[in-house]
Protein chains: 2
Amino acid sequence: MPAKAARAANRTNVASTKPSARSGEAVDEHGNSLRKAFYEIRELIVHGRISPGSWIVEADLARRLAMSRTPVRSALHLLQREGYVLEHTNVRKSRMVVSPLTREDAGELYSIIGHVEGLAGRGTARLPKQRRMEIAGQLKSLNRQLRAILQDKTPAAGAIFDADHNFHRLIIESGAGPRLRALHASIEPQAERYWRLYASSILNDLHLSVAEHDAIIDAVVAGDPDRVEKTLQTNWENGCARLAHVIEMYGERGSW
Amino acid sequence: MPAKAARAANRTNVASTKPSARSGEAVDEHGNSLRKAFYEIRELIVHGRISPGSWIVEADLARRLAMSRTPVRSALHLLQREGYVLEHTNVRKSRMVVSPLTREDAGELYSIIGHVEGLAGRGTARLPKQRRMEIAGQLKSLNRQLRAILQDKTPAAGAIFDADHNFHRLIIESGAGPRLRALHASIEPQAERYWRLYASSILNDLHLSVAEHDAIIDAVVAGDPDRVEKTLQTNWENGCARLAHVIEMYGERGSW
DNA sequence: AGTATATATCTTGTGGACAATAATGTATAC
DNA sequence: GTATACATTATTGTCCACAAGATATATACT
């Protein structure tokens with residue numbers, strides 16, 4: 001009776017092979033699996049290591065992340081709620097797939113981000129003048145960086161992304177409250193998915209975005225909430241248009 | 001495939017003695033616990049049955065909802081990410097509390113909702129004329145309802161809330177894509193928390209909101225995205241101001 | 001009494017067992 | 001050869017046991 005034996009063994013807690021942390025090792029500490037699962041899976045999706053539209057199996061991910069299904073499962077639910085993953089709508093049994101990348105979705109996503117950042121930008125614009133100048137200085141520096149990278153004959157997509165990302169992040173950090181910040185943090189990486197996939201094709205148009213950044217900086221200096229909001233929205237809107245063009249050319253991913 | 005072997009061995013399973021569903025009973029079906037937990041807990045929080053700032057214990061909730069801790073736990077994580085619940089930031093051990101209601105949070109929340117709805121409103125404003133007129137008709141009807149209720153000498157807070165809610169929901173449904181809709185669905189109930197708590201004190205000022213609705217309707221009829229967005233934002237902004245006043249008077253809940 | 005330490009208790013975090021359901025494959029009847 | 005019933009496998013959903021951390025309580029010592 002293997003089953004009974006196994007069960008009994010279980011209960012008496014022979015405990016076998018304790019995973020207890022050894023002396024010096026930087027072992028995964030207890031209590032971080034869910035976080036880890038969330039960020040790692042998100043990373044996998046954002047970086048396209050799991051392709052859009054593909055089929056997710058909890059057990060596979062669990063094995064890959066060297067943990068049990070429990071935290072993986074929770075992480076997937078979080079990711080679902082945030083839009084990284086879709087639930088293939090069978091009643092009472094959720095089949096999860098990586099959200100596909102489509103032109104339509106990109107449009108909605110970008111406009112949401114534009115508005116969220118626009119709202120944050122209003123906050124930034126209302127800061128005291130001194131603080132605003134300080135921020136404008138940093139923004140200028142970041143934009144200079146961006147320009148410099150773009151002038152390279154072989155610009156590294158990663159570096160460009162980081163600079164652009166930092167530019168926008170600075171605005172969020174300085175002008176948004178906790179809620180808005182969380183919202184941005186949950187949505188923004190989804191734009192990165194599109195960026196990464198089509199980056200190479202967008203690079204040529206990127207000087208346009210840099211120019212738009214200048215307009216944003218001017219508006220921050222002026223301390224004009226409406227203008228900051230507007231210029232930010234425009235930046236995302238145009239970014240979306242540039243992206244849409246590329247998607248049109250190369251096709252969507254994972255939607256079939 | 002070692003997994004397979006293990007599974008096969010497992011399968012001896014004598015077990016039974018099962019809580020299997022009886023013939024006719026409307027037994028809770030397998031596969032809906034998480035959903036149920038999420039909505040029920042959210043409901044408890046929104047309705048104030050668990051007071052703001054109070055201390056959540058997974059096991060208690062699990063007992064209350066007649067299920068195990070697992071789905072409750074997942075639901076709490078979702079609610080945390082959406083802002084209904086806060087993690088008392090001890091590293092690697094999350095103590096969860098119901099988010100307190102504060103003036104500051106209300107401000108941020110309302111402005112986010114205003115902008116989200118504003119964006120949806122832009123979508124509504126861009127619909128073909130015929131559809132817009134149809135929607136405007138329904139909006140007018142809802143606003144008439146609202147006016148009627150307000151004229152009662154003993155207006156029922158619930159009815160008012162529902163009418164107002166439907167008004168805004170119609171705009172979302174008609175003008176927002178799936179992402180924006182989901183976003184709204186996750187944020188909006190949090191405004192309801194404030195509403196429910198301070199409802200009685202706001203009732204007097206509510207005719208102002210009704211007037212603002214008229215401006216929204218006009219803008220929809222005109223098909224002017226900027227104006228629809230603006231009027232919606234104004235509606236929420238003013239709502240927030242009215243609320244802030246009351247919070248100032250009666251104090252915050254759960255922040256100490 | 002007051003403080004510090006040990007102990008008990010409560011709560012959360014994770015893994016894994018099992019149950020339920022969907023998908024797939026196989027055999028059988030016709 | 002096809003279609004239907006049946007068996008098998010793959011995968012998700014829930015529960016429970018136990019471990020790790022906190023918090024509260026009791027005890028010892030000065």
Side-chain angles (χ1 to χ4, degrees), chain A residues 2-21 27-38 54-63 65-78 80 85-97, chain B residues 1-21 27-38 54-63 65-77 80 85-97:
Chain A
K4 189 192 269 183
R7 191 142 351 156
N10 244 350
R11 210 151 38 62
T12 39
N13 172 21
V14 186
S16 55
T17 71
K18 49 207 55 192
S20 73
V27 146
D28 283 338
E29 292 154 30
H30 185 266
N32 283 112
S33 292
L34 175 56
R35 232 197 249 334
K36 182 182 169 194
F38 179 83
S54 81
W55 187 228
I56 294 181
V57 177
E58 293 174 0
D60 293 353
L61 278 175
R63 222 173 315 121
L65 303 185
M67 60 179 68
S68 84
R69 276 177 52 218
T70 311
V72 169
R73 185 175 170 69
S74 282
L76 284 174
H77 283 131
L78 293 173
Q80 186 207 328
V85 153
L86 293 180
E87 179 171 34
H88 229 233
T89 60
N90 277 5
V91 202
R92 73 144 93 331
K93 198 90 173 191
S94 94
R95 244 71 178 144
M96 299 231 190
V97 293
Chain B
M1 289 146 161
K4 190 190 285 184
R7 185 117 28 137
N10 257 348
R11 206 152 51 60
T12 29
N13 175 10
V14 195
S16 330
T17 74
K18 269 8 304 128
S20 71
V27 146
D28 280 340
E29 293 158 29
H30 183 268
N32 284 111
S33 292
L34 175 56
R35 233 199 251 328
K36 182 183 169 195
F38 179 83
S54 81
W55 191 199
I56 295 180
V57 177
E58 293 174 359
D60 293 352
L61 278 175
R63 221 173 315 119
L65 303 185
M67 59 179 70
S68 86
R69 276 177 49 218
T70 310
V72 168
R73 184 175 172 68
S74 281
L76 285 174
H77 284 131
Q80 185 207 329
V85 153
L86 291 181
E87 179 171 32
H88 229 231
T89 59
N90 279 4
V91 203
R92 71 143 100 325
K93 200 86 172 192
S94 91
R95 248 55 187 149
M96 298 230 191
V97 292

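Note on naming: letters A, B, ... go to the chains in the order of the sequence lines (proteins, then strands), and numbering restarts at 1 for each one.
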Over how many whole Å does the gap from [X] atom [atom1] to [N] atom [atom2] extend?
{"X": "A:Arg63", "N": "C:dG15", "atom1": "CZ", "atom2": "C1'", "value": "15 Å"}
{"X": "A:Leu61", "N": "D:dT12", "atom1": "CG", "atom2": "P", "value": "10 Å"}
{"X": "A:His77", "N": "D:dT12", "atom1": "NE2", "atom2": "C1'", "value": "9 Å"}
{"X": "A:Asn32", "N": "D:dG21", "atom1": "CG", "atom2": "P", "value": "10 Å"}
{"X": "B:Leu34", "N": "D:dT14", "atom1": "CG", "atom2": "P", "value": "7 Å"}

Under 4.0 Å: is that the gap between some side-chain N or O of [X] and OP1 or OP2 of [N]?
{"X": "A:Ser68", "N": "C:dG15", "result": "yes"}
{"X": "A:Ser94", "N": "D:dG13", "result": "yes"}
{"X": "B:Arg73", "N": "C:dT12", "result": "no"}

Q: Could I get the full list of side chain to side chain contact (heavy atoms under 4.5 Å, CB included) partners for B:Glu58, not counting sequence neighbours?
A: B:Arg69, B:Arg73, B:Leu76
Q: Using the test side chain to side chain contact (heavy atoms under 4.5 Å, CB included), find all partners of A:Thr70 that sit at least two apart in sequence or belong to another chain.
A: A:Ser68
Q | Exercise: identify the closest heavy-atom pair between B:Val97 and B:Ile56 | A | C-CD1, 4.3 Å
Q: Provide the closest heavy-atom pair for A:Leu78 versus A:Leu34 in the form atom of the first, atom of the second, distance.
A: CD1-CD1, 4.5 Å
(Q) Between the base of D:dG13 and the side chain of A:Arg69, is there a donor and acceptor pair under 3.5 angstrom? (A) yes
Q) What does B:Ser33 touch in the nucleic acid at a heavy-atom separation under 4.0 angstrom: a base, only the sugar-phosphate, or nothing? A) sugar-phosphate
Q.
I want to check something: taking the side chain as every heavy atom from C-beta on, are A:His77 and A:Met96 in contact at a cut-off of under 4.5 Å?
A. yes
Considering only nitrogen or oxygen atoms on both sides, find all protein atoms under 3.5 Å from nucleotides 8-11 of chain C and state each distance.
none

Q | Rounded to 10 degrees, the angle between the two terminal axes of the helix from C:dA1-D:dT30 to C:dC30-D:dG1, each from five pairs | A | 20°
**Q.** Nearest to side-chain heavy atoms of A:Met67, which nucleotide of D:dT12, C:dG15, C:dT14
**A.** C:dG15
(Q) From the set D:dC15, C:dG15, D:dT12, return the single nucleotide nearest to any side-chain atom of B:Thr70. (A) D:dC15
(Q) The criterion is side chain to side chain donor-acceptor pair (under 3.5 Å); which residues satisfy it with B:Ser33, sequence neighbours excluded? (A) none
Q. Out of curiosity, B:His88 NE2 to B:Trp55 CH2, how far, rounded to the nearest 0.5 Å?
A. 8.5 Å
